[in-house]
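Keep in mind that the numbers below use all heavy atoms, side chains included, and drop hydrogens, waters and symmetry copies. Index from 1, following the sequence.
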Amino acid sequence: MISVYKLKPKFQRLLTPILIFLHRHGVTANQITISSIILSLLIGLAFWFADYYHILFLALPIGLFLRMALNALDGMMARKYNQQSKKGEVLNELGDIISDLFIYFPLLKYEREYLYLIVIFICLSIINEFAGILGKIVSNERRYDGPMGKSDRAFIIGLYGLLCYYTINISEFSVYVFSLINVLLIISTYIRVNKSLK
């Protein structure tokens, strides 16, 4: 299935110089993971208050791009420099779910007419990540299959923030957009579980 995640190898190659720089300065994979969680909290706070300070909507496209970079870097650091650990794995998986909650929660403020869709979106996002983790338990392989995996959701919400910054009214389309996202999340979760079992 089509997914932004498929661009990850090229993205990682672009990040290699940054990876080497961070390693030379003693930065560890777990420190990068923790930085990603803190960044996600700041993105969520900025998003929440963006209706007061309009420029804060840019925290979504910019912040989510930086978060994707940090998420790629922590895994690269762990693998390349033998920093893989159970603590790091737990921190990474739990951190992703916590980070998503920080970032998506303010949608409840901006999409009040479709609260039920946003709640479903948040719940399905958590279930989707859980399905990916189950893959490691069942078949010893973490599943990242799309559509609407973590990277895809980051792209969509980043675009949402960009449209809000340019005061483009998308409220009349929200019901269709989030309904489609929720359907794609269900499909993605099914694919992850199905491939894990096979």
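Applying ring-ring contact (aromatic ring centres under 6.0 Å, His included) to F121 and the options Y104, Y160, F105, Y116 leaves one that passes, Y104. Screening R142, Q84, K136 for a side-chain hydrogen bond (donor to acceptor under 3.5 Å, both in side chains) involving E89 leaves a single residue, K136.
For an aromatic pair to be called close, the ring centres must be under 6.0 Å apart, and Y110 with F57 satisfies this. For Y114 and Y176, the gap between ring centers reaches or exceeds 6.0 Å.
A donor-acceptor pair under 3.5 Å links the side-chain atoms of S139 to the main chain of G135, judged by distance alone. Proximity of a side-chain donor or acceptor of T33 to a complementary backbone N or O of D74 within less than 3.5 Å is not detected. Judged purely by atom type and a 3.5 angstrom limit, N92 has no side-chain atom pairing as donor or acceptor with the backbone of G88. Panel note: side chain R67, backbone S36; no donor-acceptor pair is recorded below 3.5 Å.
The existence of a salt bridge linking K150 and D100 is excluded, since no basic side-chain nitrogen approaches an acidic carboxylate oxygen closer than 4.0 Å.
The shortest distance between side-chain heavy atoms of H54 and T167 falls below 4.5 Å. Side-chain contact between I37 and F102 is present, with at least one heavy-atom pair separated by less than 4.5 Å. Residues L124 and I186 have side chains in contact (heavy-atom distance under 4.5 Å, counting atoms from C-beta outward). Residues M77 and L19 have side chains in contact (heavy-atom distance under 4.5 Å, counting atoms from C-beta outward).
One distance of note links NZ of K109 with CZ of F49; it measures 6.5 Å at 0.5 Å rounding.
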Please assess Y165 against I55 for the test side chain to side chain contact (heavy atoms under 4.5 Å, CB included), listing each intermediate value before the final yes or no. CA-CA 7 Å; Y165 174 72; I55 196 169; 4.2 Å; yes
Test Y144 against R192 for side-chain hydrogen bond (donor to acceptor under 3.5 Å, both in side chains), laying out the working first. CA-CA 7 Å; Y144 296 98; R192 291 184 181 193; over 6 Å; no
Pair E113, S174 - check side chain to side chain contact (heavy atoms under 4.5 Å, CB included), show working. CA-CA 9 Å; E113 291 184 31; S174 292; over 6 Å; no
Check the pair L134, S196 against side chain to side chain contact (heavy atoms under 4.5 Å, CB included), reporting the backbone distance first and the verdict last. CA-CA 8 Å; L134 273 177; S196 295; 5.6 Å; no
Please step through side chain to side chain contact (heavy atoms under 4.5 Å, CB included) for the pair L64 and I157, ending with a clear verdict. CA-CA 8 Å; L64 285 167; I157 301 302; 4.0 Å; yes
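Applying the 6.0 Å contact sphere to NZ of K80 captures no more than 12 heavy atoms from other residues, nucleotides or ligands.
The closest side-chain donor-acceptor pair between N169 and S171 falls under 3.5 angstrom. T28 and Q83 share no side-chain donor-acceptor pair at under 3.5 Å.
When hydrophobic residues (I, L, V, M, F, W, Y) are linked wherever their side-chain heavy atoms come within less than 4.5 Å, the members clustered with V138 are V193, L197.
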